[in-house]
Structure formats: structure tokens, C-alpha cells
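First the structure, in the form of C-alpha cells, and then the observations on it.
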Amino acid sequence: MNHNLAKRGMVINDLATDFSDGVKLIHLLEILSDKVVGKYKTTTTSRFVKIENVNIALQFILTVLKVPLYSLGAEGKTNHLYSNTIQNN
């Protein structure tokens, strides 16, 4: 993951905190999918903006990448709560 994010001058030290504002998650999705996620806020000073960014990333995963997600919402992600999110078929 850090190898991919290094292309944009980014590094992940802690998944829970580094993905909580959605910015690095969006960058990783763009790198791995070779697609543009869309507009998002790079300045994430408020909880609302963090939730909005994570929602953008989750919608991209659902609609563009067609990966089903279960039991996950942006609020939980920004609060560092994790559960089973991808159901293996």
C-alpha cells in the first residue's frame, strides 16, 4: 500500500487514523483503479468533511468498482470503528 501511495508522496502509518479523513483512501483508490474518484475536500478540519470524503470513497467502491460493502458507514470509519465490510462470496 505504501509503495502505491509513495507515487503521490504519501505514506500510511496507521490504517485507522490515516484513512479516517478519506483523503489517503481516495488517493489509494485512484491509484489502484486508475480512475478518478471525483471531487473531494483535501482540507479536512471538521468531522463533517471527513465523513463526506469517506462517503465519496465508499460510493466509488460500490458504484464504480462494484464491490459490495456491508456493515460500514462513513461515520464509523471516521470514528475508527471497523467491522466486516466486504462479504466474501
Side-chain angles (χ1 to χ4, degrees):
M1 178 172 13
N2 279 327
H3 172 73
N4 291 311
L5 285 172
K7 297 173 185 176
R8 297 195 183 182
M10 298 179 166
V11 65
I12 295 292
N13 296 309
D14 182 338
L15 282 174
T17 57
D18 290 346
F19 279 169
S20 67
D21 69 356
V23 175
K24 289 181 181 178
L25 177 58
I26 289 170
H27 279 275
L28 184 61
L29 289 171
E30 288 181 339
I31 292 166
L32 295 176
S33 69
D34 200 30
K35 297 178 181 182
V36 176
V37 170
K39 292 184 180 182
Y40 61 95
K41 308 270 190 321
T42 56
T43 305
T44 57
T45 54
S46 74
R47 185 169 183 270
F48 174 78
V49 171
K50 292 176 183 183
I51 291 170
E52 185 177 34
N53 280 350
V54 173
N55 268 330
I56 290 168
L58 293 175
Q59 285 302 311
F60 180 81
I61 292 169
L62 285 168
T63 60
V64 177
L65 301 180
K66 307 280 191 227
V67 176
L69 301 175
Y70 301 91
S71 303
L72 179 70
E75 289 186 49
K77 187 81 169 106
T78 59
N79 289 332
H80 317 298
L81 301 174
Y82 293 93
S83 62
N84 293 329
T85 59
I86 300 177
Q87 182 176 353
N88 295 325
N89 293 327

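Sequential numbering from 1 along the given sequence is applied to the chain's residues.
With sequence neighbours left out, the side-chain contact (heavy atoms from CB on, under 4.5 Å) criterion links Thr42 to Tyr40.
Nearest approach of Leu25 to Ala57, heavy atoms of both residues: CD2-CB, 3.7 Å. Of all the heavy atoms in Pro68 and Leu62, the pair that sits closest is CA-CD2, 4.2 Å.
Side-chain atoms of Asn53 come within 3.5 Å of backbone N or O of Lys41 as a donor-acceptor pair.
Following chains of ILVMFWY side-chain contacts shorter than 4.5 Å, one cannot reach Phe48 starting from Val23, and the two form parts of different hydrophobic clusters. Following chains of ILVMFWY side-chain contacts shorter than 4.5 Å, one can reach Val67 starting from Phe19, so the two form part of one hydrophobic cluster.
Between Ser33 and Val64 there is no side-chain heavy-atom pair separated by less than 4.5 Å.
To the nearest 0.5 Å, atom CD of residue Gln59 and atom CG of residue Leu65 are 11.5 Å apart. Atom CG in Asp18 sits 4.0 Å away from atom NZ in Lys24 (nearest 0.5 Å).
Exactly one of Ile61, Leu58, Ile56 qualifies for a side chain to side chain contact (heavy atoms under 4.5 Å, CB included) with Leu29. That residue is Ile61.
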I'd like a table of donor-acceptor pairs (distance under 3.5 Å, sequence neighbours excluded) in which one partner is a side-chain atom from residues 5-16, with atom names and distances.
unit_1 : atom_1 : unit_2 : atom_2 : d
Arg8   : NH1    : His27  : ND1    : 2.8
Arg8   : NH1    : Glu30  : OE1    : 2.7
Asp14  : OD1    : Ala16  : N      : 3.0

Set out, in order, the CA-CA distance, both residues' side-chain angles and the distance that settles side chain to side chain contact (heavy atoms under 4.5 Å, CB included) for Val49 and Thr43, then state yes or no. CA-CA 8 Å; Val49 171; Thr43 305; over 6 Å; no

